[in-house]
Amino acid sequence: MTEESSFRGQITLDGPSGTGKSSVARDVARKLGAAYLDTGAMYRAATVAALDAGVSLEDKVAVTRAVSEATIRVGTNARRELVTVDGVDVRERIRGAEVTRAVSPVSAVPAVRRLLVARQRELVAEADAVVVEGRDIGTVVLPEATLKIYLTAAPEVRAQRRAGQLGVTAPEKIAALAADLRRRDEHDSRRADSPLRPADDAVVVDSTDLTRAAVVDRIVDLARSAVGAGERS
Ligand code: DC
């Protein structure tokens, strides 16, 4: 994979879960020689902090306190994942069922979002070139980003992909995954604070019939055009 170091700016990559967003974001960052920030990993790490504090996830004040008292670190190197909570490596734990079930209520707490959004902006400011993945990056976190992408795919395709990642083949388990995806999407789209939706100026990319490589190439091309347009203006 060739590294292009000419890209300077911010690419936001938003969309629901199961679209291949993380793999695409990482590949785009590597191709452009850019940093990569997985904001979902930040909400997942915050969820670990809330779970370990033993607070009720309904108690917004207690959840916020638990998150603000924890030391959460998420790295920005596209080639090396780093996620720690109070110095403990939680890279595997944050992808597990316990955290996946609990992350929607935690990420819906406005004070938690304010804490993490401030941290996201700090991390982005440290990079000349960065790909930032999440749900509200183009709409809320970086409204002035160089290029905004909203990645979607049909729900059945998303459930199949998730099943492939988890090694699940039983039809009833795939149906359960699809139901879980829909439940999380609905929760993320309906929440009052920063709901999941494309920014008005986002390029919507539907990956239903595209390979991951094709999606990556499309975004890299758009990034190069966006920089070219910026230089000309
Ligand atoms: O992308 P992911 O599945 O790792 O995200 C985990 C959860 O965090 C998901 O339910 C939505 C939430 N999230 C969010 O609310 N805002 C973001 N910028 C990123 C993720």
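In listed order, ligands and their atoms are each counted from 1. Scope of the values below: all heavy atoms of this structure, side chains included, with no hydrogens, waters or symmetry mates. The first residue of the sequence shown is numbered 1, and numbering continues consecutively from there.
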Derivation and outcome, salt bridge (charged side-chain N to carboxylate O under 4.0 Å, His left out), residues D86 and R73: CA-CA 8 Å; D86 292 332; R73 284 190 65 209; over 6 Å; no

Heavy-atom distances under 4.0 Å decide this one: backbone, side chain, both or neither, for M42 against ligand 1?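 Contact part for M42 vs ligand 1: neither.
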
Side chain, backbone, both or neither: which applies to R183 and ligand 1 if a contact is any heavy-atom pair less than 4.0 Å apart?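 Looking at R183 and ligand 1, no heavy atom falls under 4.0 Å.
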
Polar atom proximity, R44 to ligand 1 (N or O, under 3.5 Å):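 Between R44 and ligand 1 (N or O atoms, distance only) the closest approach is under 3.5 Å.
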
For R113 and ligand 1, answer yes if some heavy atom of the residue is under 4.0 Å from a ligand atom, otherwise no.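 A heavy atom of R113 does come that close to ligand 1.
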
Hey, which atoms in ligand 1 end up nearer than 4.0 Å to a heavy atom of S104?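 Under 4.0 Å from S104, ligand 1 has these atoms: 10 (O).
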
Tell me, do L37 and M42 make a side-chain contact under 4.5 Å, heavy atoms counted?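 L37 vs M42: side chains touch.
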
Please could you name the atoms of ligand 1 that S107 approaches to less than 4.0 Å, counting only its heavy atoms?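 Selected atoms, number and element: 12 (C), 15 (O).
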
What is the nearest protein non-hydrogen atom to atom 19 (C) of ligand 1, stated with its residue, atom name and distance?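 Checking every protein heavy atom, the shortest distance to atom 19 (C) of ligand 1 gives T39 OG1, 3.4 Å.
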
Quick one: does any side-chain atom of T47 pair with a main-chain N or O of V99 as donor and acceptor, under 3.5 Å?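 No; zero donor-acceptor contacts below 3.5 Å.
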
Please report the shortest heavy-atom distance between T100 and R95, naming the atom on each side.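 Taking T100 first and R95 second, the nearest heavy atoms are OG1-O, 3.7 Å.
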
Are any of the side-chain heavy atoms of V220 and R224 separated by less than 4.5 Å?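 They are in side-chain contact.
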
For E133, is at least one N or O under 3.5 Å away from an N or O on ligand 1?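 Between E133 and ligand 1 (N or O atoms, distance only) the closest approach is not under 3.5 Å.
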
For G134, counting its heavy atoms only, list the atoms of ligand 1 lying under 4.0 Å from any of them.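 Listed by number with element: 18 (N), 19 (C).
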
Give yes if a backbone or side-chain nitrogen or oxygen of R135 is under 3.5 Å from a nitrogen or oxygen of ligand 1, and no if not.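 Min N/O separation from ligand 1 is below 3.5 Å for R135.
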
Tell me, which protein residue and heavy-atom name are nearest atom 7 (C) of ligand 1, and how many Å apart are they?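 Of every protein heavy atom, V103 CG2, 3.6 Å lies nearest to atom 7 (C) of ligand 1.
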
Just so I know, are the side chains of E133 and R26 near enough to count as touching, which here means a heavy-atom distance under 4.5 Å?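 When only atoms from C-beta onward are counted, R26 and E133 do not touch, as no gap falls below 4.5 Å.
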
Give the minimum heavy-atom separation between S17 and R135, together with the two atoms involved.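 Minimum heavy-atom contact is CB-NH2, 3.8 Å.
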
I'd like to check which ligand 1 atoms, numbered from 1 as shown, lie under 4.0 Å from a non-hydrogen atom of G40.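 In order of numbering, the contacting atoms are 4 (O), 5 (O), 19 (C), 20 (C).
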
Polar contact flag for R191 and ligand 1 (N/O pairs, less than 3.5 Å):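 Min N/O separation from ligand 1 is below 3.5 Å for R191.
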
Within the 4.0 Å heavy-atom shell around D188, which atoms of ligand 1 are there?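 By the 4.0 Å cutoff, the relevant atoms are 9 (C), 10 (O), 11 (C).
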
Side chains of V132 and V141: does their closest heavy-atom pair fall under 4.5 Å?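 No, their side chains stay 4.5 Å or more apart.
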
Return yes if some donor-acceptor pair links the side-chain N/O of T146 with the main-chain N/O of Q10 below 3.5 Å, else return no.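 Yes: the side chain of T146 pairs with the backbone of Q10.
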
